[in-house]
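See below for the structure under consideration.
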Amino acid sequence: MRYAHIGWCKEGNHDKVWGAICLQEPEHYYTSGKYVTFWGRRGAKLQTKILECTEFKISEMFRKKTNNGYTPVYKQDLDDVYPEFQQDLEKTAFWATLKI
């Protein structure tokens with residue numbers, strides 16, 4: 001499982017995450033692959049959507065999120081921001097792969 005992007009928004013009473021996981025690698029940056037995007041309140045059940053799109057499109061979506069207050073979170077910082085993230089994400093990815 002490869003994390004394409006993960007963002008965190010903590011403003012006021014908001015404490016949300018948004019991200020994308022690559023389920024099926026594209027051949028190139030501009031060819032389509034399968035991704036699952038996830039979002040929701042940190043610690044709550046995450047919403048998901050499966051997309052067949054390019055890595056460029058996923059990066060574009062993430063740029064829009066960072067323009068709206070989301071901070072990029074890197075894999076090494078995940079435990080500090082969202083300790084139960086890996087567990088929640090594994091459940092999310094499992095159900096998403098069943099939808100393919």
Side-chain angles (χ1 to χ4, degrees):
M1 174 170 37
R2 180 177 67 83
Y3 307 120
H5 297 284
I6 302 170
W8 177 40
C9 182
K10 176 113 173 95
E11 294 178 348
N13 62 351
H14 296 286
D15 192 359
K16 305 178 284 186
V17 292
W18 182 94
I21 305 166
C22 184
L23 295 176
Q24 195 173 65
E25 289 286 336
E27 292 180 28
H28 305 289
Y29 188 72
Y30 293 104
T31 59
S32 290
K34 288 199 189 256
Y35 297 87
V36 61
T37 57
F38 58 90
W39 65 93
R41 290 198 172 273
R42 197 167 56 127
K45 184 174 185 273
L46 299 173
Q47 303 272 328
T48 61
K49 183 175 184 177
I50 295 177
L51 302 171
E52 189 165 332
C53 63
T54 63
E55 180 90 19
F56 177 78
K57 179 71 174 169
I58 293 292
S59 295
E60 188 177 68
M61 291 169 69
F62 191 64
R63 270 192 305 281
K64 288 179 182 177
K65 290 293 183 184
T66 57
N67 289 341
N68 289 329
Y70 281 78
T71 304
V73 175
Y74 302 99
K75 193 172 182 177
Q76 64 268 21
D77 301 324
L78 271 176
D79 285 338
D80 296 334
V81 173
Y82 189 174
E84 53 283 324
F85 180 78
Q86 187 66 35
Q87 183 181 10
D88 289 352
L89 194 58
E90 285 172 3
K91 285 188 262 181
T92 300
F94 173 76
W95 289 111
T97 54
L98 292 178
K99 293 179 187 176
I100 294 179

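By convention here, the first residue in the shown sequence is residue 1. All figures in this text were calculated on a predicted structure; none of them were measured in a lab. Side chains are part of it too, since the values below use all heavy atoms of this structure and drop only hydrogens, waters and symmetry mates.
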Roughly how far apart are [X] [atom1] and [Y] [atom2], rounded to 0.5 Å?
X     : Y     : atom1 : atom2 : result
Lys34 : Ile21 : NZ    : CD1   : 15.0 Å
His14 : Arg41 : NE2   : CZ    : 7.0 Å
Ile58 : Leu51 : CD1   : CG    : 5.5 Å
Glu11 : Asn68 : CD    : CG    : 9.0 Å

Please give me the minimum heavy-atom distance between Tyr70 and Val17, naming the atom from each residue. CE2-C, 4.0 Å
Restricting to non-hydrogen atoms, name the atom on Cys9 and the atom on Gly69 that form the minimum distance, rounded to 0.1 Å.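 For Cys9 versus Gly69, the nearest heavy atoms are SG-O, 3.9 Å.
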Mind checking whether [X] and [Y] sit in one hydrophobic cluster, side chains of I, L, V, M, F, W, Y counted as touching below 4.5 Å?
X     : Y     : answer
Tyr35 : Tyr3  : no
Ile50 : Phe38 : yes
Leu46 : Trp18 : no
Phe62 : Trp8  : no

Glu55-Tyr30 side chain donor-acceptor pair, cut-off 3.5 Å: no
Test log, rule side chain to side chain contact (heavy atoms under 4.5 Å, CB included), inputs Val36 and Lys49: CA-CA 6 Å; Val36 61; Lys49 183 175 184 177; over 6 Å; no
Side chain to side chain, Ser59 and His5, heavy atoms closer than 4.5 Å: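 Result yes, sub-4.5 Å side-chain heavy-atom pair found.
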